[in-house]
Structure formats: structure tokens, C-alpha cells
Amino acid sequence: MGTTLYSKNYKAFIKAIGNGDNSIKDVINKAKESMGLIAEELNIGRLESVISTKSNPVERVGYNGQDVLYQARAGYDPDLHSVEFHTGGGTKMVMNAYPVRGHKWDDEEKDDLQFLCANFFSILERARMSNILNNAAFTESMTGALNINGIIRTGMGMLQKGILTDYTLAFFNIKDFKFLNGEYGIDRGNMVLRGLVDKIFGFLIPEEQIARLGADNFAALVRNERVDIFLDFLNPMTFEVAGGVNTGFNRRPDDVPLGPGNATMSTFSPRTEEVKEGKVLKPTKIEINFRVGLYKLQPGEDVGVGVTKANSALRQTRIEGNSDVVWFSEEFLDNELNAKKSTFKFREALDNREFVVYYQPKVSFVDGTLCGGEALVRWNQDGKLVSPMTFIPALEDDGSICELDMYVFERVCRNIRSWIDAGVEPVKVSTNFSKLHIKDDDFAKKLIMTIDRYGIDPKYIEVELKESACYEEPEKLRKFLSTMRERGIFVSIDDFGSGVSSLSLLKDLMVDGIKMDQSFIRGIQSEDEKIASSEKVVIKNLINMVDELDVKILAEGVETKEAAKFLKGAKCDMVQGYLFDRPKSLDEFETLLRGDRKYSA
């Protein structure tokens with residue numbers, strides 16, 4: 001090797017392109033600025049670089065670029081000398097070099113050129129790896145989205161530049177994602193998460209961001225004027241996965257969709273064929289829906305504030321009767337603070353029997369008579385009845401809800417016993433139980449012991465589980481249901497139709513009754529005739545199918561005579577709602593039991 005590359009110009013060139021934390025583009029730009037220092041000594045007329053890198057979890061889009069690093073004013077001869085470099089990680093560089101016009105390189109000069117290009121490639125690869133390491137702390141490895149630190153850092157950078165204006169923070173998660181994992185397996189669940197992020201990346205425009213905050217929780221920074229479009233984009237979202245073992249997703253270089261803002265991000269392409277016993281199985285379509293909390297960032301606020309407030313709004317979507325999309329209100333934080341205070345007072349309130357049970361009547365559509373009741377809990381705080389929505393979510397979060405549920409159930413059994421002793425024929429009374437009970441192996445035993453302690457017939461008892469409980473511990477749930485059937489205890493599913501695979505529950509789980517999700521009832525009571533008409537078709541078919549399975553069905557939240565008339569004509573078994581009656585105190589409900597029990601809408 002000659003001494004040319006040991007010159008001051010060569011050292012200055014290497015120093016210029018190698019200093020600092022640079023990206024590949026930074027190194028290339030610095031090379032263009034500095035190449036003249038060494039190009040004349042090496043008699044380079046033109047030097048081109050063709051560089052490509054593969055995507056990875058931190059860099060979702062690989063680099064592909066062709067640049068002219070240097071071209072002499074004197075021109076160049078077409079005597080191409082090309083050198084190529086690559087790594088096992090997928091980085092590839094081709095350097096096309098041409099001698100200055102009138103010069104022909106000898107072998108020693110070609111060796112010098114090779115050495116220069118090799119050092120250039122080494123610095124490029126070091127810059128790429130340095131960027132990956134620096135960004136790994138701010139990137140969620142499985143999906144390639146930002147993590148919580150990443151979106152806060154990115155937002156802080158936008159705030160400092162004065163461009164974090166007119167943005168909304170969306171905090172969202174997948175409805176019943178635990179069911180997806182249980183039904184299709186964790187591997188397919190992960191595929192859905194990766195595919196979801198790929199799709200959202202394709203949707204976002206420059207400066208908009210997506211972050212995965214753990215499990216199926218995500219945060220997106222979206223322009224205010226695009227929030228409605230984003231919500232429409234999310235709900236619903238459909239994926240295809242193979243019917244059997246996890247076949248994975250192929251990420252190909254040509255799978256790069258153009259988003260609405262020309263945001264190029266790789267999308268997923270499922271390998272949907274699985275061969276089993278010589279047959280190709282068809283892929284399974286999975287449709288997912290989201291709960292979304294939204295907060296419009298105010299001037300000067302950072303993304304961390306947005307995440308906190310949007311998450312508060314998201315928690316509101318889990319409250320019964322609320323929409324799946326909720327905008328933040330300052331009162332949410334006050335309510336949450338009060339709810340947390342309630343959890344501190346819970347133990348004392350339970351000991352002092354401050355929780356009282358109300359009963360909401362259930363009415364038979366067959367003859368219009370009282371046919372059951374639902375036990376509802378209220379908290380009597382200093383003579384004022386507090387709505388369960390102000391304390392139930394907090395008790396659910398810390399697990400205290402299980403004690404409250406058993407307290408309510410014990411009161412129900414005691415009241416039934418007292419009615420029987422007083423010569424009053426009870427009706428079947430349902431008690432709501434949190435999904436947390438399913439994890440308790442002694443749940444069934446506790447219920448049976450309470451029933452036996454009061455010596456009441458199980459025909460008066462109904463155990464009501466929310467549909468979401470059916471997705472948590474499927475094997476434990478089946479065991480629980482089997483025990484309930486053996487003892488003749490009626491089990492129903494509340495909020496039926498709110499999950500991602502409600503109909504499969506009727507096939508997989510032998511329950512005695514279902515309570516239609518209130519969204520169906522709101523639909524048929526809608527002023528939009530098209531919505532009301534389509535909901536009626538769905539409800540009619542649901543009732544027919546449930547009837548063939550010998551499962552009782554109840555409609556709750558009925559508030560109009562028109563809805564009641566439709567449901568009766570559709571052969572719905574029972575109804576519950578303010579059109580018929582409001583929740584009653586113990587004495588008021590006993591008065592109903594002692595009366596003729598007749599209702600008319």
C-alpha cells in the first residue's frame with residue numbers, strides 16, 4: 001500500500017466523517033463535504049455510493065440510497081472500478097469509482113481506493129449500529145413502535161421546536177384481547193399486535209407518532225383534524241392468521257404502503273397457508289375493536305400530560321353504559337381521586353354494613369308478571385346513596401370487589417330466606433360477580449356454602465357473569481359452570497354481544513341465560529332508522545338462535561314502548577328497564593312480591 005492514505009488529507013477526511021453521533025445520511029453528507037480533501041490525491045474523477053440496509057425492530061424502514069460523493073471539475077473517464085461490502089446483518093454498500101479524466105489507476109492505487117472505501121463502510125456501519133443502540137431505549141422491541149420513554153422524548157423534542165401544536169393524544173387498547181390470546185394463542189396475539197402497529201404506521205403522516213405502552217395498550221399522537229379519520233381507521237380492524245400453528249408474518253422490502261402523508265412503513269403479510277395431513281387450511285379472519293381515550297393537548301403541555309389524561313378517559317370506557325370512545329374531562333381525575341378515597345374507607349364501610357342492596361325487577365314478556373330481580377349495591381355514606389359507578393371500578397382494580405360481591409350475595413340469600421319464612425314466594429334473584437372470582441378455585445364452593453347455610457332452594461339463585469369474565473380463565477370457567485349445573489344454579493352472561501366472539505361462547509359454554517348488551521337496545525331505540533332497522537335484524541336472529549339452544553334471554557335498558565313492543569314480538573323472554581320499574585329498596589321489592597306482580601309497559 002502506498003503512503004497516500006497516511007497523508008494529512010486522508011486523516012482529515014476520516015476525522016470529518018467519523019466524529020459525533022451520526023446517522024447514515026449524516027455520514028454521507030459529511031463525506032460529500034470532505035471528499036475533495038482526498039479525491040485529488042487518489043485521482044478520483046467520480047465516486048458513487050449505493051447503500052442499503054434491512055429493517056429491524058428499532059429501524060422499521062431500512063435505508064436505500066444512491067449518492068454521488070464526489071465529481072471532479074475536470075471530468076472522469078468511464079473506466080469503472082467497483083468494490084462491494086456487506087455484513088451478516090443485511091447492510092450492503094457498492095462503491096463505483098471512476099478515475100479523473102486522462103488517468104489510469106495502477107494496482108497500488110486501486111488498493112488505496114479499496115482501503116478508503118472499506119474505512120468509509122466501517123464508519124457507516126458503526127453509525128448505524130450506534131443509532132440502533134441509542135434508539136433501543138426508546139423503542140418497543142416486538143412491534144418497533146416507540147415505548148413510553150420514546151413518545152415522551154419525541155413529544156418533548158416537538159415541544160422545544162414549537163411544533164407540538166394542534167395534536168390529540170389517543171390512548172387505546174384492544175377489546176377482549178385476553179380472549180384473542182386464549183382462543184388463538186399468544187403467538188397469533190403477538191402477530192396481531194405487530195400487524196396493528198404496521199397498519200397504523202402506514203396511516204400516520206410525518207410528525208404523528210405511535211407507541212406501545214405494554215400489553216395491548218397503545219398511545220398515538222394524531223393531528224386534531226385527523227382524529228375522526230383515525231377513529232374510523234381503527235374500528236373495526238381485520239387481520240388474517242393461519243388456522244393452525246403460528247406461521248409468522250413475512251416482512252418483505254416491497255411491502256411498503258404509502259400512507260395518507262406518504263409515510264412509508266412496512267406492513268405485514270401473513271403466511272396464511274398451513275398444511276395438515278396433506279390439506280391446506282384456510283386462514284382465520286380476526287376482527288378487533290378498540291376502546292379509546294382522547295385528550296386534546298393544550299399549548300405548552302407535553303406528551304406525558306396527554307398520556308395521563310387520555311388514559312383517564314380510556315378508563316371511563318370500561319364503565320357500563322359508556323361509549324368505547326371517550327374524550328377527557330377534568331372531572332374524571334376528581335372522580336378517580338374520590339374513588340381511591342373510597343377504597344381506603346371500604347373495609348370500615350363493609351364492617352359497618354354501609355352497603356345496601358336494591359333490587360331491579362325483571363318482567364316476563366310472556367304474561368307481563370314479575371319473574372325475577374337483579375341485586376344492585378349502593379353505598380350509604382352519611383345518609384346519601386352513592387352510585388356504584390363511583391366506587392366499583394376502584395374496588396375492581398384493587399381486588400376488593402370480590403369481598404363486596406360475596407357480601408351482596410350473602411344479603412340476597414338472607415333476604416330470600418326471610419321472604420320464605422314470612423310466607424312470601426321469592427323470585428329468582430341474580431347477583432353480579434366480578435371476573436376476578438373465576439381465578440378463585442373455591443368460588444363455586446363459597447357460593448354453595450352460602451346457599452346451604454340459609455337453606456334455600458337453588459332455583460331462586462342466579463349467578464351473573466360479565467361476558468369479559470368468560471375470556472380470562474376458560475378451563476376454570478368450564479369447571480365452575482359444571483359445578484353450577486350439578487347443583488341446579490342458574491348462570492347467565494351479562495353484556496352479551498360486547499365481546500369479539502360472543503357467539504362462540506354459546507357454543508363453548510353451557511350457560512342458562514344471557515342478557516343482551518345495552519348497545520343493542522340503544523340501537524333499536526335510535527332515531528336513525530337505518531341503525532334501528534339493522535339492530536332489529538341482529539336481535540331477531542340472536543333471539544331465534546338462543547331459543548333453539550334453550551337459553552333464556554333478557555333485554556336490559558329498555559326505556560321506550562316501541563322497543564318493548566318490538567322485543568315482545570321477537571319472542572324475547574324477559575325485560576328490564578326504567579320503562580317497567582326502577583331499582584327498589586328491600587321493603588319496596590317485598591311489597592311487589594306480596595302484590596299481584598303484574599306489569600304493563
Side-chain angles (χ1 to χ4, degrees), residues 5 9-10 12-56 58-101 103-105 109-132 135 144 201-202 206 251-259 261-267:
L5 293 185
N9 285 339
Y10 171 73
F13 170 73
I14 294 298
K15 185 176 181 179
I17 66 173
N19 280 345
D21 293 329
N22 300 314
S23 65
I24 289 179
K25 197 64 180 176
D26 290 334
V27 174
I28 290 172
N29 288 336
K30 288 182 178 181
K32 290 179 180 179
E33 296 171 0
S34 309
M35 185 61 71
L37 297 174
I38 191 67
E40 292 181 6
E41 293 186 18
L42 290 177
N43 295 303
I44 297 173
R46 179 181 173 93
L47 185 61
E48 305 167 347
S49 67
V50 182
I51 301 168
S52 65
T53 67
K54 289 185 177 180
S55 61
N56 57 67
V58 176
E59 299 174 321
R60 293 183 57 84
V61 178
Y63 179 88
N64 287 281
Q66 181 171 345
D67 294 272
V68 177
L69 303 181
Y70 177 78
Q71 183 162 321
R73 293 180 179 178
Y76 61 94
D77 283 343
D79 184 14
L80 171 64
H81 179 66
S82 183
V83 292
E84 182 176 322
F85 304 89
H86 59 83
T87 68
T91 302
K92 180 180 178 181
M93 182 182 79
V94 177
M95 298 290 280
N96 295 320
Y98 303 86
V100 70
R101 181 172 294 167
H103 184 81
K104 186 175 179 63
W105 286 318
E109 287 176 314
K110 289 181 180 178
D111 285 343
D112 288 345
L113 186 61
Q114 175 92 12
F115 184 72
L116 172 69
C117 293
N119 277 273
F120 178 63
F121 178 71
S122 177
I123 291 171
L124 275 175
E125 182 63 6
R126 186 182 69 186
R128 188 181 77 88
M129 293 303 299
S130 178
N131 273 332
I132 291 175
N135 290 328
F201 263 118
R251 296 173 184 266
R252 304 189 307 271
D254 55 340
D255 286 339
V256 183
L258 290 178
N262 291 326
T264 57
M265 294 293 172
S266 58
T267 184

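One-based numbering along the sequence shown.
The 12-atom threshold is not exceeded at NZ of Lys54, counting heavy atoms of other residues, nucleotides or ligands nearer than 6.0 Å. Heavy-atom contacts from other residues, nucleotides or ligands closer than 6.0 Å to CD of Glu84 number more than 12. A 6.0 Å sphere centred on NZ of Lys92 holds no more than 12 heavy atoms belonging to other residues, nucleotides or ligands.
The minimum heavy-atom distance linking Ile123 with Gly18 is given by the pair CG2-CA, 4.0 Å. Listed here is the closest heavy atom pair of Tyr98 and Asp77: CB-O, 3.4 Å. Taking every heavy atom of both residues into account, Ile44 and Tyr70 meet most closely at O-CE2, 3.2 Å. The two atoms that bring Pro99 and Trp105 nearest to each other are N-CH2, 3.4 Å, heavy atoms only. The shortest heavy-atom contact between Val94 and Ser82 is CG1-OG, 3.5 Å.
Residue Met93 holds its CE atom at 9.5 Å from OG of Ser122, rounded to the nearest 0.5 Å. Of the inter-residue distances, the one linking Lys15 atom NZ with Lys30 atom NZ reads 12.0 Å to the nearest 0.5 angstrom. Put simply, OG on Ser52 and CD1 on Ile24 are 9.0 Å apart, with the number rounded to the nearest 0.5 Å. In this structure, CG in Leu69 is found 5.0 Å from CG in Leu47, a value given to the nearest 0.5 Å. Distance CD1/Ile132 to OG1/Thr53: 8.0 Å, rounded to 0.5 Å. Taken from CD1 in Ile14 to CZ in Phe120, the straight-line distance is 9.5 Å, to the nearest 0.5 Å.
Using bins of under 30°, 30° to 60° and over 60° for the plane-to-plane angle, the ring pair Phe121/Phe85 lands in the parallel bin.
Of the N and O atoms on the side chains of Ser23 and Asp26, at least one donor lies less than 3.5 Å from an acceptor on the other residue.
Counting only heavy atoms from C-beta outward, the side chains of Glu48 and Leu80 never approach each other to under 4.5 Å. In this structure the side chain of Phe13 never reaches within 4.5 angstrom of the side chain of Asn9, judged on heavy atoms. For the pair Leu113 and Val83, the minimum side-chain heavy-atom distance is 4.5 Å or more.
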Checklist entry - Can you list the steps and then say if Ile28 with Ile51 is a side-chain contact (heavy atoms from CB on, under 4.5 Å)? => result CA-CA 10 Å; Ile28 290 172; Ile51 301 168; 3.7 Å; yes
Item to check | From CA spacing to verdict: side-chain contact (heavy atoms from CB on, under 4.5 Å), Lys25, Asp67 | outcome: CA-CA 10 Å; Lys25 197 64 180 176; Asp67 294 272; 3.5 Å; yes
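Counting only residues at least two apart or on different chains, the salt bridge (charged side-chain N to carboxylate O under 4.0 Å, His left out) pairs with a member in residues 117-131 are Glu59-Arg128, Glu125-Arg128.
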